2 protein chains.
Amino acid sequence: MVAVPNRDRQTERREATRREILHAAWDVAREQGLATLTLREIATRVGMRPPSLYSHFASKNAIYDAMYGQAWQTYLDLIPQQRAQLPSEPRAALKFVARLFFDFAAADLARHQLMTQRTIPGFTPSHESYAIAVEVLDELHQLLDRFGIRDPAAPDLYTALVGGLVDQQWANDPGGDRWRRLLDRAIDMYADEMGLPGPRGDTP
Amino acid sequence: MVAVPNRDRQTERREATRREILHAAWDVAREQGLATLTLREIATRVGMRPPSLYSHFASKNAIYDAMYGQAWQTYLDLIPQQRAQLPSEPRAALKFVARLFFDFAAADLARHQLMTQRTIPGFTPSHESYAIAVEVLDELHQLLDRFGIRDPAAPDLYTALVGGLVDQQWANDPGGDRWRRLLDRAIDMYADEMGLPGPRGDTP
DNA sequence: GTCTATACACCGATAGAC
DNA sequence: GTCTATCGGTGTATAGAC
């Protein structure tokens, strides 16, 4: 019986090629900007001709969509290890989580734009990919809930605050830390608003 | 002596054409997305052939740059009339100013992206255009100073907070008001952090 | 200042051979 | 699954006539 192992090996090979293509796509997006991404350039980097990409992705937007899902999945995968390191003190925990997201978003402009902005005209994530982003948001809701923050406005205000710091960092001081330095202060301000107990102060 | 009047009429005509081109460019950007802007489409709308645009703008980026400057200038022009309507109570004043910026930014995605995000790979505003944005920021600094808010972090935290609400609004509820409704609450939170006196509460 | 003509490169996508 | 060939179109930008 070799049918099953063969099929497995083939699907694995297929997924490896998909990953390779996406990896090249990320390289291009980082180097030349998300909006300048082209099938030609991706194909060149993986040693293919452009039409061959259509054996793995139905369209250019399908590549964007896979990248979108991959980006949110990468962040989602950080959460278990984040949970293991989470400080018990609520404010310290919120700061830890905020810093994790900030650094993730500040590390890669193309990724950040794809995840949270409408940079690519006409691109909308598929339900499948969007569901991963929703999972991440769900984790945030649970975290806030665990700390007794049940204000209905709390998650939206949190995402606006942390996302706003990231966006300002990218727009006005890329590569620097002018807004990153305000992160702990911003979280303390937020924690005060939400009635979270505990002392103010920067993380060590 | 007709030399001077003629020259004036000619430069006026020239500027009118420039305005017409930019107006068409804004239409295209709004309808099809900022990144999809093409000289072809702009030219068609003003009834020209694409190469004719080069009599008025040195390049496509020069058009982006003029749009950038125009957008910030439009906002700057709102400030005198905003100042006339400014509530005397500090918190109400901050809310009023924040709402003005929010609504301006939420009214036009392409404009917002050009003003505050790095949507167009390779585009950087000229010093002249950027100076207008700096003028707007200067007005914010003066406003905060007038209310006794002299914390060095105050302006950066303010732009992150208000900008963050705008970005979330565009990313997750375009055309809605899910984050707009949090504006007064966010400003109260900010005012508390900055030690601004006065009562909390939504604007009427 | 606007036009035609054109350069020169690029794009996403499809058809069909192998 | 990858290729070649090709479609029909896009793009910015320049030269030179009028």
Side-chain angles (χ1 to χ4, degrees), chain A residues 6-25 27-29 31-68 110 114 119-124 126, chain B residues 6-25 27-29 31-68 110 114 119-124 126:
Chain A
N6 266 354
R7 203 190 56 209
D8 282 3
R9 214 193 56 197
Q10 276 174 27
T11 59
E12 196 193 319
R13 187 71 196 82
R14 206 178 145 68
E15 274 163 25
T17 307
R18 261 181 77 101
R19 273 195 301 274
E20 218 182 317
I21 291 169
L22 290 178
H23 190 270
D27 283 346
V28 179
E31 290 171 26
Q32 306 177 4
L34 184 66
T36 350
L37 193 71
T38 65
L39 300 183
R40 251 183 176 72
E41 184 64 27
I42 299 171
T44 301
R45 302 217 182 192
V46 295
M48 278 183 181
R49 305 294 160 189
S52 304
L53 298 177
Y54 285 87
S55 298
H56 301 275
F57 294 94
S59 69
K60 187 185 175 182
N61 263 349
I63 295 181
Y64 276 131
D65 188 57
M67 293 170 78
Y68 177 93
L114 187 59
T119 301
I120 308 299
F123 168 69
T124 325
S126 63
Chain B
N6 267 357
R7 202 190 56 210
D8 282 1
R9 215 193 56 198
Q10 275 175 26
T11 59
E12 197 193 317
R13 187 74 196 78
R14 206 177 147 66
E15 274 161 26
T17 307
R18 262 181 76 100
R19 274 195 301 273
E20 217 180 319
I21 291 169
L22 290 179
H23 189 270
D27 283 346
V28 179
E31 290 170 27
Q32 308 178 0
L34 184 66
T36 350
L37 194 70
T38 63
L39 300 183
R40 245 182 182 76
E41 185 63 29
I42 298 170
T44 300
R45 303 216 181 192
V46 296
M48 278 183 182
R49 305 294 160 192
S52 304
L53 297 177
Y54 286 87
S55 299
H56 302 276
F57 294 94
S59 70
K60 185 185 175 182
N61 263 348
I63 294 181
Y64 276 131
D65 189 58
M67 293 169 77
Y68 177 93
L114 187 58
T119 301
I120 309 299
F123 169 68
T124 325
S126 63

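Quantities reported herein were computed from a predicted structural model and do not represent experimental measurements.
- Shown are Arg13(B), Glu15(B), Arg19(B), Arg14(B); of these, the side chain to side chain contact (heavy atoms under 4.5 Å, CB included) with Thr17(B) is made only by Arg13(B).
- When DNA chain C is scanned 5' to 3' for any atom under 4.0 Å from a heavy atom of chain B, the first and last hits are dG1(C) to dA5(C).
- Taking every heavy atom of both residues into account, Ala58(B) and Ala62(B) meet most closely at N-CB, 4.0 Å.
- Distance Lys60(A) NZ to dT10(D) P: 16 Å, rounded to the nearest Å.
- Across all strands, Ile42(B) comes closer than 4.0 Å to no nucleic acid atom at all (heavy-atom distances).
- In terms of modelled atom types and a separation under 3.5 Å, the side chain of Tyr64(B) and the main chain of Leu34(B) share a donor-acceptor contact.
- A heavy-atom distance below 4.0 Å to DNA chain D is reached by these residues of residues 48-57 of chain A, ordered by number: Met48(A), Arg49(A), Pro51(A), Ser52(A), Ser55(A), His56(A).
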Quiz prompt | Stepwise side-chain contact (heavy atoms from CB on, under 4.5 Å) test for Phe57(A) and Asp65(A) | solution = CA-CA 10 Å; Phe57(A) 294 94; Asp65(A) 188 57; over 6 Å; no
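- As judged by a 4.0 angstrom heavy-atom cut-off over every strand, Arg14(A) is placed among residues touching the sugar-phosphate backbone only.
- Heavy atoms only, all atoms of each residue included: Ala35(A) and Ile120(A) are closest at CA-CD1, 3.7 Å.
- Under the 4.5 Å side-chain criterion, counting only non-hydrogen atoms from C-beta, Leu37(B) is not in contact with Gln32(B).
- Using a 4.0 Å cut-off between charged side-chain N and carboxylate O, Glu31(B) and Arg45(B) make a salt bridge.
- Nearer to the 5' terminus of DNA chain D, by closest-nucleotide assignment, is the contact made by Gly47(A) (compared with the other of Arg40(A) and Gly47(A)).
- Atom CG of Leu37(B) is separated from atom C1' of dT10(D) by 14 Å (rounded to the nearest Å).
- Remark: Ile42(A) CD1 to Ser52(A) OG distance equals 13.0 Å, nearest 0.5 Å.
- Nucleic acid contact for Ile63(A): none, since no nucleic acid atom lies under 4.0 Å from a heavy atom of the residue.
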**Asked** Taking it one step at a time, do Met48(A) and Glu20(A) satisfy side-chain contact (heavy atoms from CB on, under 4.5 Å)?
**Response** CA-CA 11 Å; Met48(A) 278 183 181; Glu20(A) 218 182 317; over 6 Å; no
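- A straight line from CG of Leu39(A) to P of dT6(D) spans 21 Å, rounded to a whole angstrom.
- Comparing Ala58(A) and Glu41(A) by the nucleotide of DNA chain C that holds the closest heavy atom to each, the one mapping nearer the 5' end is Glu41(A).
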